[in-house]
Amino acid sequence: MSYTAPVGGMPASASLPATTAESIYSKVFWRFIPLLVICWVIAYLDRVNISFAKLQMQSELGLSDAAYGLGASIFFIGYFLFEVPSNMILHRVGARIWIMRIMVTWGLASASAMFVTTELGFYVTRFLVGALEAGFVPGALYFFTKWFPADRRARINTIFMSGIAFCGIIGGPISGGIMKFTDGSLGLSGWQWLFLLEGLPAVILGLIVWKYLDDEVHDAKWLTEAEKTTWKAQIDRDAKTAETHNFGAALREPATYVLSVVYLCLAGAIYGLVFWIPQLIKTAGTQDPFVIGMISSIPYIVAGISMILLGKNSDRTGERRWHLALTTLAGGVGYFISGLYSDNTVALLIGLTIAATGIISAIGLFWVFPQRFLGGMAAAGGIALINSIGQLGGVITPYMVGKIKDVTGQTTWGLYAIATACVVATVIIAWGLPKRFYQRSVTPQ
């Protein structure tokens, strides 16, 4: 089949017969996306399951709210330090081997948290989990640039990031159930079983990744030679349109840092949610950890549905800016409501649902932007840099909310601070980015 470059603003897939493009896309999608979404769910679960472990662990180890918040934050220091080096190594050795390494080592580190007996041990374990997990998310996002044309990446990114929502949907009930029904078994507390049973799946999935991921299109034995040629032509066309291919140039690109600030706000907002939602629900009046887990899944169910629909609509219309700005603003509104009604379970749940829907949807939509001006080594390093700077929001928010709660006895002002960060991100997205970011990336379908 001959390949003809698309004309004007037409999407890459428009240059192929629809049946051919959709057939190849379907094969690639089902080969990689379900597996990587499951990996992301487990990664996120291991990252945030201390929010449930806190319900028992805090009293057993004698941790203050500030100490818990610091432990949650220390994860992101390790993550920040090793994120860019990890993704640069991935660029050289391939996603298959490196993502396998990441998953196996972080899973073992996460499971080892069951042996923590001191505040210092808690901090050390959290740092190791962050350092060893570093590179997974930007590695997956970089992997997508190797396998999916630009006009499909908003939906791919949002489906992948929906792992955050899926983690909340299943993670809450599973974590609450483990803590309630295993507490005392074999002389172990429920929080110890939690770390063990949620850490080991990452090791197993790492081995599956090693078997099923292919670094490049030409490695795929499950595609015909004609399909490889056709699909690779589209990927290469996108690479030629990316503005920055050299990592040094990405460092000199102002948009890299503007987007990093936006992601700092978004990451701070999502971690304010995931690290504190069980405690917020408990403070509002619910004590049973399993019931807390069930209630905490509701915001994520709504967010999971919404983010996929919004990603699909953004691809369909080619509009990016207002999809992202309005979802970020919704996150701020949701946090404000949560702070205003922190002692009312129903109103709190409504606020948390709006916040989760806005922020989780925004995170999926956000990653289309850096992929529009970064290619090659710049995509590997630049995406990792933006993600690692953004993850500093995870250092700031959990500790800030914990400290505010220790000082004031409530989380209200911490939630207001997160709402303010969401508004700042909204303003930057709406009016603070270069004009090229506001151009439609595809012809509306």
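Contact check for Gln192 versus Thr182: no side-chain heavy atoms found under the 4.5 Å cut-off. Counting heavy atoms from C-beta outward, Tyr44 and Ile270 have side chains that approach closer than 4.5 Å. Taking the side chain as every heavy atom from C-beta outward, Ile418 and Met400 approach each other to under 4.5 Å. By the 4.5 Å heavy-atom criterion applied to side chains, Leu205 and Leu35 are counted as neighbours. For the pair Gln234 and Ile24, the minimum side-chain heavy-atom distance is 4.5 Å or more. Looking at Phe369 and Val262, their side chains never come closer than 4.5 Å, going by heavy atoms from C-beta outward. The shortest distance between side-chain heavy atoms of Leu132 and Phe82 does not fall below 4.5 Å. Residues Phe29 and Ile159 form a side-chain contact, since some pair of their non-hydrogen atoms from C-beta on lies under 4.5 Å apart.
Evaluated for a side-chain contact (heavy atoms from CB on, under 4.5 Å) with Leu213, the options Ile99, Ile97, Ile208 yield exactly one hit, Ile99. Checked against Ser338 for a side-chain contact (heavy atoms from CB on, under 4.5 Å), the options Leu349, Leu280, Leu352 give a single hit: Leu352.
Applying the salt bridge (charged side-chain N to carboxylate O under 4.0 Å, His left out) rule to Lys282 yields no partners; only residues at least two apart in sequence or on another chain are considered. Judged as a salt bridge (charged side-chain N to carboxylate O under 4.0 Å, His left out), and not counting sequence neighbours, the contacts of Glu133 are Arg47. For Ser51, the side chain to side chain contact (heavy atoms under 4.5 Å, CB included) partners two or more places apart in sequence, or in a different chain, are Tyr68, Pro278. Judged as a ring-ring contact (aromatic ring centres under 6.0 Å, His included), and not counting sequence neighbours, Phe52 has no contacts. Qualifying ring-ring contact (aromatic ring centres under 6.0 Å, His included) partners for Phe160, counting only residues two or more places apart in sequence or in other chains: Trp40, Phe144. With sequence neighbours excluded, the residues satisfying salt bridge (charged side-chain N to carboxylate O under 4.0 Å, His left out) with Lys146 are Glu216. Residues passing the salt bridge (charged side-chain N to carboxylate O under 4.0 Å, His left out) test with Lys403, sequence neighbours excluded: none. Not counting sequence neighbours, Phe80 has no partner by the ring-ring contact (aromatic ring centres under 6.0 Å, His included) test.
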* **Residue pair Leu324, Phe366: steps toward the side-chain contact (heavy atoms from CB on, under 4.5 Å) verdict** => CA-CA 7 Å; Leu324 182 56; Phe366 170 84; 4.2 Å; yes
* For the pair Val407 and Trp413, evaluate side-chain contact (heavy atoms from CB on, under 4.5 Å) and give the outcome as yes or no after the intermediate values. => CA-CA 11 Å; Val407 172; Trp413 286 103; over 6 Å; no
* Asked: side-chain contact (heavy atoms from CB on, under 4.5 Å) between Lys211 and Leu207: does it pass, once the steps are laid out?
  -> CA-CA 7 Å; Lys211 180 176 177 60; Leu207 299 177; over 6 Å; no
* To do: Could you go through the side-chain contact (heavy atoms from CB on, under 4.5 Å) check for Thr145 and Leu141 one step at a time?
  => CA-CA 7 Å; Thr145 68; Leu141 293 169; over 6 Å; no
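The backbone N or O of Glu22 lies less than 3.5 Å from no partner atom in the side chain of Ser26, so there is not a single donor-acceptor pair. No side-chain donor-acceptor contact under 3.5 Å links Ser361 to the backbone of Gly358. Judged by distance alone, with hydrogens and angles left aside, the side-chain atoms of Arg31 form a donor-acceptor pair with the main-chain N or O of Tyr212 at under 3.5 Å. In this structure a side-chain-to-backbone donor-acceptor pair under 3.5 Å is missing from Lys232 to His218. Put simply, the side chain of Ser86 gets close to the backbone of Ala134: a donor and an acceptor are under 3.5 Å apart.
Ring centers of Phe75 and Phe127: at least 6.0 Å apart, outside the cut-off.
Minimum heavy-atom separation, Gly121 to Val116: O-CG2, 3.8 Å. Scanning all heavy atoms of the two residues, the minimum distance from Thr125 to Ser112 falls at CG2-OG, 4.1 Å. When all heavy atoms of Ile359 and Thr328 are compared, the pair lying nearest together is CD1-O, 4.4 Å. The two residues Ser342 and Ala284 come nearest to each other via the heavy atoms O-CB, 3.7 Å. Heavy-atom minimum distance, Trp231 versus Pro149: CZ2-CD, 3.5 Å. Shown here for Met103 and Gly206, the closest heavy-atom pair between the two residues is CB-CA, 3.9 Å.
We find the CZ-CD1 distance between Phe195 and Ile178 to be 11.0 Å, quoted to the nearest 0.5 Å. Atom CH2 of Trp106 is separated from atom OH of Tyr79 by 9.0 Å, given to the nearest 0.5 angstrom. Atom CD1 of residue Ile174 and atom CD1 of residue Ile169 lie 11.5 Å apart, to the nearest 0.5 angstrom. Distance OG1/Thr397 to CG/Leu415: 10.5 Å, rounded to 0.5 Å. One finds the CG atom of Leu329 at 4.5 Å from the OG1 atom of Thr426 (value rounded to the nearest 0.5 Å). Rounding to the nearest 0.5 Å places CG of Leu259 at 5.0 Å from CD1 of Ile386.
Applying the salt bridge (charged side-chain N to carboxylate O under 4.0 Å, His left out) test to residues at least two apart or on different chains, the pairs with a partner in residues 176-202 are Lys180-Asp288. The list of side chain to side chain donor-acceptor pair (under 3.5 Å) pairs with a residue in residues 57-66, not counting sequence neighbours, reads Lys54-Gln58, Lys54-Asp65, Gln58-Asp65, Glu60-Ser189, Glu60-Trp191, Asp65-Lys405. Applying the salt bridge (charged side-chain N to carboxylate O under 4.0 Å, His left out) test to every pair with at least one member in residues 105-128, sequence neighbours left out, gives no pairs at all.
More than 12 heavy atoms of other residues, nucleotides or ligands lie within 6.0 Å of CZ in Phe181, so this atom counts as buried by the packing criterion.
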Under 3.5 Å donor-acceptor pairs involving side-chain atoms of residues 290-301, not counting sequence neighbours:
unit_1	atom_1	unit_2	atom_2	d
Ser296	OG	Ile292	O	3.3
Ser296	OG	Gly293	O	2.9
Ser297	OG	Met294	O	2.6

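Ring geometry, Phe32 versus Phe143: the interplanar angle exceeds 60°, so the pair is classed perpendicular (tilted spans 30 to 60°).
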